[in-house]
Q: 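Pasting a structure here, questions to come.
Both ligands and their constituent atoms are indexed starting at 1 by order of listing.
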Amino acid sequence: MTAKLIKGTEIREEILKEIEEEVKQIKEKHGAVPGLVTILVGENPASVSYVTLKIKTAKRVGFKEVQENLPENVSEEELLAMIDKYNKDDSIHGILVQLPLPKHIDEKKVLYAIDPDKDVDAFHPVNVGRLVIGEPKFLPCTPAGIQEMIVRAGVPTDGAEVVVVGRSNIVGKPIAIMMMQKGRGANATVTVCHTGTKDLEFHCKRADILIVAAGRPGLVKAEWIKPGACVIDVGVNRVGISEKTGKPILKGDVDFDKAKEIAGWITPVPGGVGPMTITMLMKNTLNSLKYKLGLL
Ligand code: GUN
């Protein structure tokens, strides 16, 4: 069997077009556009490239984009004051503080200072709680992207066995909660595996939908995949530098080349889940404005 590729790059284009269209309509009817502020502290190269892409995407879909670049040695107090300013700014609907932050700043204190109704990353405990009780306001971006890929690829989820490998707060835990809720692209039976799991192979082999977010290149072997299963590979592991391009070589958590011969659907790395995260950040920012206007 050769698996159907679920391409994040293509689904991203579909969703961004939908967002762009909705932004135009809301602007015409209500005279408002979604506003996103990105706050970057320091010059970590990976963070700079993520934020640059977030800004570019926000502009492309017609958002108001405010870019705040703070020096590495900014005080926690100054950063908190900036968050407070944007919490009160009616033209801003989403506040994004790029992580990681320098060591002298308490990351939790900063994330918890963001108004939960502008928390488009959905990292604030209020949004985590809303998700757990089945009343989410914003879905965390990477899990939201995963669910959207599953839905748009037409993978059946109702009653499916979903196995999640990884228990991080930003991917493993929230995607497990989302897939177990009632509703679209969910209503599944969910198992969460992690470094304490005794027999990972046993659990992976049971999965109709296998979601791997462990951060370990090639962890999941092709023989562990149930024929016809949907495999979502969240791993983005830098395994070297290409001699040709000088760019990092990326590898997922799943042995892709062999797994694609067994799975029914599979996401590539790169070009799979990766492009979905920023896309869903845009969706959350649009939704934040829609909540404010009473459209959601
Ligand atoms: N750093 C790496 N990924 C993310 C993300 O999704 N959101 C934020 N705020 N920082 C990140």
Side-chain angles (χ1 to χ4, degrees), residues 8 12 15 34-58 63 65-70 72 74 76 79-80 82-83 86-87 92-103 105-128 131 136-149 166-175 178 211 213-215 232-238 248 250 252-253 269-270 272-288:
R12 168 184 62 192
I15 297 175
L36 174 69
V37 57
T38 52
I39 304 176
L40 172 66
V41 181
E43 290 167 12
N44 173 322
S47 294
V48 170
S49 79
Y50 280 131
V51 168
T52 305
L53 197 52
K54 286 171 188 179
I55 293 165
K56 194 175 146 203
T57 311
F63 289 4
E65 220 297 324
V66 180
Q67 196 178 339
E68 293 282 7
N69 294 330
L70 299 172
E72 179 85 17
V74 70
E76 187 179 283
L79 180 54
L80 291 171
M82 179 173 280
I83 290 170
Y86 287 111
N87 279 342
I92 292 297
H93 311 96
I95 301 173
L96 180 129
V97 179
Q98 187 65 24
L99 303 178
L101 289 170
K103 286 205 173 63
I105 296 178
D106 182 343
E107 209 159 85
K108 274 192 191 168
K109 205 167 168 184
V110 169
L111 293 181
Y112 297 1
I114 297 172
D115 178 347
D117 292 340
K118 296 189 179 188
D119 169 37
V120 283
D121 262 325
F123 290 162
H124 194 288
V126 166
N127 284 317
V128 178
L131 176 67
K137 180 152 189 170
F138 302 114
L139 293 172
C141 302
T142 302
I146 293 170
Q147 192 174 42
E148 202 58 44
M149 294 176 103
R167 57 178 156 186
S168 70
N169 287 333
I170 59 170
V171 185
K173 279 182 205 161
I175 192 63
M178 286 161 61
I211 302 171
I232 306 285
D233 190 349
V234 192
V236 184
N237 305 291
R238 292 176 181 219
L250 302 179
D253 289 350
V269 177
V273 176
M276 296 300 293
T277 302
I278 293 181
T279 307
M280 301 319 284
L281 176 74
M282 301 302 135
K283 181 101 180 169
N284 278 346
T285 309
L286 169 62
N287 283 348
S288 181

Q: When rounded to the nearest 0.5 angstrom, what distance separates CE in Met276 from CE in Met149?
A: 5.5 Å

Q: Quick one: does any side-chain atom of Asp233 pair with a main-chain N or O of Asp253 as donor and acceptor, under 3.5 Å?
A: yes

Q: Identify all N/O pairs between ligand 1 and the protein with a separation under 3.5 Å and present them as a table of atom names and distances.
A:
residue: ligand 1; atom: 1 (N); partner: Gln98; partner atom: NE2; Å: 3.2
residue: ligand 1; atom: 1 (N); partner: Leu99; partner atom: O; Å: 2.9
residue: ligand 1; atom: 7 (N); partner: Asp121; partner atom: OD1; Å: 3.1
residue: ligand 1; atom: 7 (N); partner: Asp121; partner atom: OD2; Å: 3.3
residue: ligand 1; atom: 9 (N); partner: Val97; partner atom: O; Å: 2.8
residue: ligand 1; atom: 9 (N); partner: Asp121; partner atom: OD2; Å: 2.6
residue: ligand 1; atom: 10 (N); partner: Leu99; partner atom: N; Å: 3.0

Q: Hey, are the side chains of Val41 and Glu72 touching, using non-hydrogen atoms and a 4.5 Å cut-off?
A: no

Q: To the closest 0.5 Å, what do you measure between CG (Leu79) and CD (Glu68)?
A: 10.0 Å

Q: Any donor-acceptor pair under 3.5 Å linking the side chain of Lys118 with the backbone of Tyr86?
A: yes

Q: Please confirm whether the backbone N or O of Leu139 pairs with a side-chain atom of Asn284, one donor and one acceptor, at under 3.5 Å?
A: yes

